[in-house]
Amino acid sequence: MFKTPRGTVDILPDDQPYWRHVEAQATELCERFGYRRIDTPIFEESGLFVRSVGEATDVVEKETYSFSDRSGDSMTLRPEATAGVCRAYLQHGMHVLPQPVRLYSVSAPMFRYDRPQAGRQRQFHHVNVEAIGDPDASVDSEVVELAWRFFAGVGLRNLTLVLNSIGDQACRPGYLEALRRYYEPLVPGLCADCKRRFHENPLRLLDCKKESCQPHAREAPRSLDHLCEACRAHWDELTASLDLVALPYTVDHRLVRGLDYYTRTVFEVLPPAEGAQSTLGGGGRYDGLIEQLEGRPTPGVGFACGVERIILNMKRQGVTLAQQAPVKAVVAYVGGAAKGPALKLASDLRAAGLSVVLAPAGKSLKAQMRFAGALQASYVLIMGDDEVRDGTVTLKEMAGGEQRQVPVADAATTLEPRWVL
RNA sequence: GUGGGCGUGGCCAAGUGGUUAAGGCGCCAGGUUGUGGCCCUGGAGAUCGAGGGUUCAAUUCCCUUCGCCCACCCCA
């Protein structure tokens with residue numbers, strides 16, 4: 001039997017209310033903040049991600065779904081949204097629009113070839129926002145605020161917002177150097193992963209979860225202490241702005257992010273239960289990215305969060321949502337002569353705006369009633385020989401049990417004032 | 001890629017080295033003529049993940065494999 005591929009899931013009807021809620025919330029909020037919806041392809045030329053996300057990152061190095069298409073071009077299922085949105089910004093000349101260009105996506109499928117576990121799948125979905133074309137810290141502040149409001153809006157509580165600045169091209173090299181100098185003598189005492197990190201990506205030394213490495217990370221040089229003047233000013237304005245709008249952020253000097261393109265601002269939102277896969281969403285500024293993609297130097301800042309993780313946490317926090325409303329009426333019928341009229345009646349009622357289902361064929365009336373009961377239909381309309389002969393239909397209200405005959409032509413209008421209930 | 005746990009009908013789930021592998025939910029049908037929800041009765045549905053081995057005999061023991069879950073790595 002065929003099954004969903006590893007790391008993928010079916011989003012079944014019972015779960016759809018969560019998705020709809022998250023999507024509706026995201027859409028409303030983004031548009032309230034002046035963002036406009038964009039959808040980009042779920043696959044792009046492989047080079048786009050190599051150039052943007054970074055060749056040496058895990059995401060690109062070992063997690064991409066890549067394939068050559070029939071013409072031999074290398075394509076990659078997108079592992080994140082920013083690269084594609086920036087590509088679209090360039091491709092469509094959005095630099096002529098008023099800057100920054102604010103764009104959002106909702107439930108955009110992403111793909112990473114990871115080993116699945118709680119809150120981690122190979123196909124997952126992002127809510128994503130990007131504000132491209134404005135270096136000002138007020139835009140960073142806006143994106144952080146939008147992210148924060150979004151989580152509150154979907155019903156999540158007790159979240160943590162962590163914030164940091166990792167500098168830019170001017171000051172990052174100096175910071176990395178300081179970091180290396182600090183860690184060099186410590187390398188022998190580090191865990192195996194950190195030994196590797198020391199060489200591959202020293203920034204990551206900071207967020208090692210190992211007990212033995214924690215003290216080193218805590219005492220490590222802080223990027224905030226190594227910011228150049230411009231980055232410092234940007235950071236100061238950002239924090240001041242967040243204070244103004246009363247966002248309860250926590251500065252975490254060990255916050256770094258996994259994609260190479262971030263500059264200055266980085267932030268994450270974490271759920272209350274610390275542990276694996278705790279990141280609900282994250283983002284930051286990427287002032288060098290567009291240039292990497294062969295555009296004119298253009299600043300940008302964005303945020304992405306995982307819909308699956310949001311829903312996981314909504315469930316953990318007991319957020320409940322109403323299921324899709326059951327069908328209002330079932331049309332049942334007895335005898336072959338009634339089938340046509342029943343089908344016609346169901347059609348007419350639907351045309352009148354009522355949600356209606358025709359009972360399955362070949363069942364006794366009893367079975368059809370059970371069917372209607374199982375669907376939680378409010379009404380059953382029964383069509384039989386008598387009704388066909390008289391041009392009527394028997395209307396039964398399931399809740400109270402009372403029923404009466406009404407002319408078929410009046411069925412819709414008879415129900416209309418009541419189906420609101 | 002590394003480590004750990006688990007795999008019994010659609011779902012949940014008991015169970016034993018040996019006749020027809022419990023039960024619950026769900027599904028289907030019936031409980032007299034064209035009527036639901038409760039209740040009652042009956043029914044369908046499992047080669048006990050797969051392959052191999054041990055044994056007179058394995059769902060139950062061993063090996064392998066696949067799958068799922070959890071954790072690491074990394075990230076959403």
Side-chain angles (χ1 to χ4, degrees), chain A residues 1-9 12 14 22 53 56-64 78-82 107-128 147 151 191-194 196-197 200-201 204 207-210 256-259 268-271 275-283 303-313 330 332-335 337-338 359-360 362-388 393-403 405:
Chain A
M1 188 162 67
F2 290 110
K3 297 181 309 189
T4 51
R6 175 160 212 186
T8 67
V9 297
L12 299 172
D14 281 354
V22 169
V53 175
T57 57
D58 276 20
V59 167
V60 160
E61 207 169 61
K62 45 185 212 195
E63 294 176 2
T64 50
R78 63 183 180 196
E80 57 99 46
T82 303
S107 287
M110 303 294 159
F111 303 84
R112 288 183 201 171
Y113 190 86
D114 266 6
R115 193 112 167 229
Q117 68 186 74
R120 197 172 77 187
Q121 298 169 187
R122 288 182 173 184
Q123 179 183 342
F124 56 100
H125 300 78
H126 271 176
V127 167
N128 184 264
F151 289 116
C191 69
D193 283 327
C194 279
R196 179 176 52 77
R197 292 183 179 114
E200 291 179 0
N201 191 348
R204 251 297 209 298
D207 63 357
C208 182
K209 289 175 194 150
K210 293 248 170 33
V256 296
R257 303 212 13 103
L259 311 181
E268 277 186 10
V269 176
L270 311 170
Q277 315 314 328
S278 58
T279 308
L280 278 170
F303 165 78
C305 58
V307 176
E308 285 82 357
R309 289 187 184 177
I310 290 170
I311 292 174
L312 184 70
N313 280 277
V330 167
Y333 59 97
V334 186
K363 284 180 181 289
S364 65
L365 183 59
K366 181 196 193 79
Q368 294 180 70
M369 295 303 296
R370 277 187 175 152
F371 174 81
L375 293 195
Q376 300 178 65
S378 303
Y379 306 99
V380 174
L381 294 126
I382 302 166
M383 197 58 100
D385 291 337
D386 299 347
E387 287 85 350
V388 171
V393 62
T394 297
L395 169 61
K396 172 161 183 168
E397 196 163 349
M398 295 295 270
E402 63 274 15
Q403 63 182 52
Q405 271 183 268

*Report the nucleotide, chosen from B:A71, B:A76, B:G67, that has the shortest atom-to-atom distance to any side-chain atom of A:Arg112.*
B:A76

*Hey, does the side chain of A:Gln121 reach the backbone of A:Gln123 with a donor-acceptor pair shorter than 3.5 angstrom?*
yes

*First locate atom CD of A:Gln405, then atom CD of A:Glu387, and finally report the distance between them rounded to the nearest 0.5 Å.*
5.0 Å

_Could you tell me how far B:G7 sits from B:G45 if I compare only their P atoms? Round to whole Å._
26 Å

*Whole-Å distance separating the CG atom of A:Leu12 from the P atom of B:C11*: 12 Å

*Do any N or O atoms from the side chain of A:Arg78 and from the backbone of A:Pro109 form a donor-acceptor pair under 3.5 angstrom?*
yes

*Which whole number of Å gives the distance between the C1' atom of B:U54 and that of B:C40?*
49 Å

*Does A:His125 offer a backbone N or O that forms a donor-acceptor pair with the side chain of A:Glu308 under 3.5 Å?*
yes

N/O donor to acceptor pairs below 3.5 angstrom from side-chain atoms of residues 364-372 of chain A, sequence neighbours left out:
| from | atom 1 | to | atom 2 | distance (Å) |
| --- | --- | --- | --- | --- |
| A:Ser364 | OG | A:Ala367 | N | 3.0 |
| A:Gln368 | OE1 | A:Tyr333 | N | 3.0 |
| A:Gln368 | NE2 | A:Tyr333 | O | 2.8 |
| A:Gln368 | NE2 | A:Lys363 | O | 3.1 |

*What is the nucleic acid contact for A:Arg122, judged by heavy atoms within less than 4.0 Å: base, sugar-phosphate only, or nothing?*
nothing

*Integer-rounded Å distance: B:A76 P and A:His126 NE2*: 6 Å

*Rounded to whole angstrom, note down the P distance from B:A22 over to B:C6.*
25 Å

*Checking all strands, does A:Arg115 fall into the base, sugar-phosphate, or nothing category for heavy-atom contacts under 4.0 angstrom?*
base

_Expected output: side-chain A:Arg112 to main-chain A:Val59 donor-acceptor under 3.5 Å_ = no

*asked:* Is it the case that B:C75 (base atoms only) and A:Arg309 (side chain only) share a donor and an acceptor within less than 3.5 Å, ignoring hydrogens and angles?
replied: yes

*Please round to the nearest 0.5 Å and tell me the distance separating atom OG1 of A:Thr64 and atom OH of A:Tyr113.*
11.5 Å

*Heavy atoms under 4.0 Å, any strand shown: does A:Asp114 hit a base, just sugar-phosphate, or nothing?*
base

*Identify, between A:Val256 and A:Thr4, the residue whose nearest nucleotide on RNA chain B lies closer to the 5' end.*
A:Thr4

*Round to a whole Å and report the spacing from CD of A:Gln117 to P of B:U2.*
15 Å

*A:Ala81 and A:Met110: which non-hydrogen atoms are nearest, and at how many Å?*
CB-CE, 3.4 Å

_Separation of the C1' atoms in B:A14 and B:U59, to the nearest angstrom_ = 13 Å

*Roughly how many Å is it from CG in A:Asp14 to P in B:G26, rounded to a whole number?*
15 Å

*For B:G49 versus B:G10, give the span between their P atoms, rounded off to a whole number of Å.*
13 Å

*Are any of the side-chain heavy atoms of A:Leu280 and A:Pro271 separated by less than 4.5 Å?*
yes

*For RNA chain B, what dot-bracket results from Watson-Crick or G-U pairs at under 3.5 Å, with [ ] for crossers and | for inter-strand partners?*
(((((((..(((.....[....))).(((((.......))))).....(((((..]....))))))))))))....

*asked:* Applying a 4.0 Å non-hydrogen cut-off, can you work out what A:Gln121 is touching in the nucleic acid: base, sugar-phosphate, or nothing?
replied: base

*Could you check whether A:Arg6 gets within reach of a base, just the sugar-phosphate, or nothing at all, counting any heavy atom under 4.0 Å?*
sugar-phosphate

*Roughly, in whole Å, what's the span from CG in A:Leu312 to P in B:C69?*
13 Å

_Strictly distance-based, threshold 3.5 Å: is any side-chain N or O of A:Arg122 a donor or acceptor partner for the main-chain N or O of A:Phe111?_
no

*Taking side chain as C-beta onward, heavy atoms only, is A:Thr279 less than 4.5 Å from A:Val269?*
no

*Calculate the interatomic distance between A:Lys3 atom NZ and B:G49 atom C1'; express it in whole Å.*
8 Å

_Spacing of the P atoms in B:C38 and B:A29 (rounded, Å)_ = 15 Å

*Whole angstrom is fine here: how far is it from CD in A:Glu268 over to C1' in B:A76?*
10 Å

*For nucleotides B:A44 and B:C28, find the distance between their C1' atoms and express it as a whole number of Å.*
7 Å

*B:U8 to B:G4 separation - C1' atoms, rounded to the nearest Å*: 23 Å

*Determine, for nucleotides 28-37 of chain B in 5'-to-3' order, which nucleotides have protein heavy atoms under 4.0 Å from the base (write B), from only the sugar-phosphate (write S), or from neither (write -).*
SSBB--BBBB

